[in-house]
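Heavy atoms only: backbone and side chains are in, while hydrogens, waters and symmetry mates are out. Counting begins at 1 with the first residue of the sequence. These numbers come from a predicted model, not from an experiment.
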Amino acid sequence: MTLMILGVCALVSLIVGIAMEGWPKGAHDGLGIVASILLVVFVTATSDYRQSLQFKDLDKEKKKITIQVTRNACRQKMSIYDLLPGDIVHLNIGDQVPADGLFVSGFSVLIDGSSLTGESEPVMVNADNPFMLSGTKLQDGSCKMMVTSVGMRTQWGKLMATLSEGGDDETPLQVKLNGVATIIGKVGLFFAVVTFAVMVQGLFMSKLQEGTIWSWSGDEALKLLEFFAVAVTIVVVAVPEGLPLAVTLSLAFAMKKMMNDKALVRHLAACETMGSATNICSDKTGTLTTNHMTVVKSCICMDVREVGNNNKASLCSEIPESAVKLLLQSIFTNTGGEIVINKDGKREILGTPTETALLEFGLSLGGDSGAERLASKLVKVEPFNSTKKRMGVVLELPEGGLRAHTKGASEIVLAGCDKVINSNGEVVPLDVESINHLNATINQFANEALRTLCLAYMELENDFSPDNAIPLSGYTCIGIVGIKDPVRPGVKESVAICRSAGITVRMVTGDNINTAKAIAKECGILTDDGIAIEGPDFREKSQEEMLALIPKIQVMARSSPMDKHTLVRQLRSIDEVVAVTGDGTNDAPALHEADIGLAMGISGTEVAKESADVIILDDNFSTIVTVAKWGRSVYINIQKFVQFQLTVNIVALIVNFSSACLTGTAPLTAVQLLWVNMIMDTLGALALATEPPTDELMKRAPVGKKGNFISNVMWRNILGQSFYQFMVIWYLQVKGKGMFSLEGPDSDLTLNTIIFN
């Protein structure tokens, strides 16, 4: 809008100037305005172009998804973008299929094709139906797939080719600023019309007194044009053409700096939205914790023991040998992970963090995974899935006979056990006392923020068929392990910073409520007056109960993706500005619903990153606080700039208006005013819009959706400063010639130059 007004002014100014003073002298003002328009356009275009380059960096970042591939008979990790037809890809539950391919071998594979087909029913994939398409997901099972086509040749690629990127919407701040600019423009227009009317009326009065109202000379017609030029100048002064520039500069600067701080901003608006966030709903695993898990406690043969780096050897000697053999067999055969030797000849453990922790534990007890796997033959595998919360295998033992191993959520697996190995290594029936001891152990582990897994086995009859499901009960409990996912360094401090900044942090996790509470306390999220609730309880509440509870909820455990989505929606309905962190595909609804979605760069799935506004490249919670700090900084920097610019605009407006009404001429020409505006706008914007954030910013409350952009303090500063500047310039206009002893024909010109400077 401002550029359009200026465009009209430039045209009028060119016509008037050339009519009055001829070419080229009369064209200076018009061309000056054109130059200022070009400046704004070029700076904005350059900044937008740099932003598009940043999106290219973003794509590079997104390409860092790795997958396990067998190529040239060597199993290795590689980027999904390096896949070639003929590679064998290893896929587990939850993985996205990275290319089109054919099923080679695997167990109970269910494919969720909803992202491609929109069909919510999962499809069984096996040797009879071997086709797998990129972009679909493994909902259950694990398999090997041979790649047949990659890139834009896949079904997903063909689909993506038909879609194009949408543009950015205006940011809330730009909407507020457009409002400010429109009001100022209208004020300027009003002053301009009044000025023009006053000057024309003056000319008419003098002609009436001379009685020449009906005879007009060329000079007088030019005088009218000159009045019009003065009016145009006033509009030019009033229109803050530097505002769009300042916003663009400020946001682009913040984006660049946030990239260095490990936050990749996908939408400019996200910068400033984060500044007004009042709530952060955070995942636990990988965001608040490191997602590198280790076994720290165990209860094997009914004895609870600490598992430290120094006592693993003694741990082995304390447990009966028969139990150690069963434990190692369970760990190394019933697993979704794998131990491989990488290119450098080093041992590497592949698999989910929980699997990795168990395999590391097995190795530290002196186990040999290769030997265990070769010793017995796998008859059936049921991979872990989130509804059963357990996984199992059936083995054919070297001495003959079949044995099933199972592991999973402790309370579920333990419920399927009727025997236990005691401290002498004998299998005894599970009596009430033993069950109570094991349940107490599970709760004790959970209260210490440990994730617990129970391992169990059973001997099967020889007539067991691989087509049957692995039994759910009749097991002998080998033991329980407590796995710790340590809280990231700096999280506690970051949560405290958020609290002092008026931002409520809430933790949403799938963990058991005791584990969740223990970790929330460790992070400083759960306070004495806060509530921890389980997802199933939360779902049961009515709308009124929910709204009453929500401000107090600090921890939501055993939550489903929809619970998270509901929580975000309810918070937004009470005018909170909500940021959500997520890394999984199932977090996408909540990331979409939130005012600002933060996806984890390292552990995040493609779908989560696509739904997010900001990608946290180091998966660290303290980076989120940095993003909030930058968001506030952008808002405040633009406030500083607006305060600076409005002061100058008001002074220039009043000086030209009062002078035109009193003397009939304006001391400042259109180009001079634009010059003042442009120099001040660009350099002022650069200086003020690019100030880095300070820690002080996180000690004040957030600016909600409703806050006024120009605060009372700003009005005080603007009006006070304007009054001072106006007094100085007015004194120069009245007393300037005497003060600088200016005489002769050029004295007016010299004085106006002094005023301009």
Side-chain angles (χ1 to χ4, degrees), residues 65 67-71 73 75 80 83-150 153-159 333-338 350-352 355 373 376-396 402-408 460 462-472 585-586 605-607:
I65 301 171
I67 196 147
Q68 294 178 32
V69 177
T70 301
R71 179 187 288 179
R75 183 160 170 173
I80 57 170
L83 284 180
L84 298 169
D87 282 338
I88 300 290
V89 178
H90 301 255
L91 296 170
N92 288 311
I93 182 166
D95 286 347
Q96 189 161 346
V97 181
D100 288 0
L102 294 170
F103 172 89
V104 178
S105 65
F107 299 97
S108 47
V109 177
L110 271 183
I111 291 281
D112 167 17
S114 56
S115 58
L116 204 58
T117 59
E119 290 294 324
S120 53
E121 262 322 288
V123 182
M124 281 290 291
V125 170
N126 45 37
D128 305 327
N129 173 29
F131 303 103
M132 300 177 78
L133 297 178
S134 85
T136 58
K137 254 185 314 300
L138 255 75
Q139 200 167 338
D140 200 353
S142 58
C143 70
K144 293 179 187 170
M145 174 189 98
M146 186 180 85
V147 178
T148 56
S149 58
V150 294
R153 305 251 167 104
T154 60
Q155 290 299 312
W156 180 260
K158 290 173 188 164
L159 178 72
T333 56
N334 183 21
T335 177
E338 192 167 342
L350 305 173
T352 64
E355 295 282 11
R373 290 197 168 193
S376 42
K377 177 171 167 250
L378 271 184
V379 177
K380 182 174 175 68
V381 177
E382 280 184 7
F384 181 85
N385 79 27
S386 50
T387 38
K388 295 194 303 240
K389 294 214 185 297
R390 67 197 294 167
M391 69 181 292
V393 293
V394 177
L395 306 176
E396 191 177 304
L402 295 175
R403 179 178 291 159
H405 279 287
T406 187
K407 73 162 189 247
L460 293 173
N462 279 340
D463 58 4
F464 174 83
S465 145
D467 300 334
N468 298 348
I470 300 177
L472 295 176
T585 303
N586 45 11
T605 61
E606 267 306 83
V607 185

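- Counting only distance, with no hydrogens or angles, the side chain of Asn92 and the backbone of Ser142 share no donor-acceptor pair below 3.5 Å.
- Here the CG-CG distance, from Leu460 to Asn462, works out to 9.0 Å after rounding to the nearest 0.5 Å.
- Here Asp112 contributes atom CG and Thr136 contributes atom OG1; the two are 8.0 Å apart, rounded to the nearest 0.5 Å.
- Separation of atoms CG (Leu402) and CG (Asp463) is listed at 9.0 Å; rounding is to 0.5 Å.
- Remark: the backbone N or O of Lys377 is not paired with any side-chain donor or acceptor of Glu396 at under 3.5 angstrom.
- Scanning for side-chain contact (heavy atoms from CB on, under 4.5 Å) contacts around Arg373 gives Thr335, Glu338, with sequence neighbours left out.
- For the side chain to side chain donor-acceptor pair (under 3.5 Å) test, no residue two or more places apart in sequence or in another chain qualifies with Thr148.
- The closest side-chain heavy-atom distance from Asn334 to Arg390 is not below 4.5 Å.
- A heavy-atom distance below 4.5 Å is not found between the side chains of Met124 and Asn129.
- Residues Thr154 and Leu133 fail the side-chain proximity criterion, which asks for heavy atoms closer than 4.5 Å.
- In plain terms, the two heavy atoms of Gln155 and Asp100 that are nearest each other are N-OD2, 3.0 Å.
- Checked against side-chain contact (heavy atoms from CB on, under 4.5 Å), Thr333 has the following partners two or more places apart in sequence or in another chain: Gln329, Ser376, Val393, Leu395, His405.
- Of all heavy-atom pairs spanning Gln96 and Lys137, the tightest one is CA-CG, 3.8 Å.
- Take Leu84 and apply the side-chain contact (heavy atoms from CB on, under 4.5 Å) test, not counting sequence neighbours, and it matches Arg71, Asp87.
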What side-chain donor-acceptor pairs closer than 3.5 Å can you find for residues 464-471, not counting sequence neighbours?
unit_1 : atom_1 : unit_2 : atom_2 : d
Ser465 : OG     : Asp467 : N      : 3.0

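- Asp95 meets the side chain to side chain donor-acceptor pair (under 3.5 Å) test with no other residue; sequence neighbours excluded.
- The minimum heavy-atom distance between Ala99 and Ser149, with the atom names listed, is CB-O, 3.4 Å.
- Side-chain contact between Ile67 and Leu91: present, with at least one pair of heavy atoms (C-beta onward) separated by less than 4.5 Å.
- Between atom CZ of residue Phe103 and atom CE of residue Met146 there is a gap of 13.5 Å, rounded to the nearest 0.5 Å.
- No side-chain heavy atom of Val104 sits under 4.5 Å from any side-chain heavy atom of Cys143.
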Evaluate the criterion side-chain contact (heavy atoms from CB on, under 4.5 Å) for residue pair Lys380 and Phe107; output intermediate values, then yes/no.
-> CA-CA 8 Å; Lys380 182 174 175 68; Phe107 299 97; 5.7 Å; no

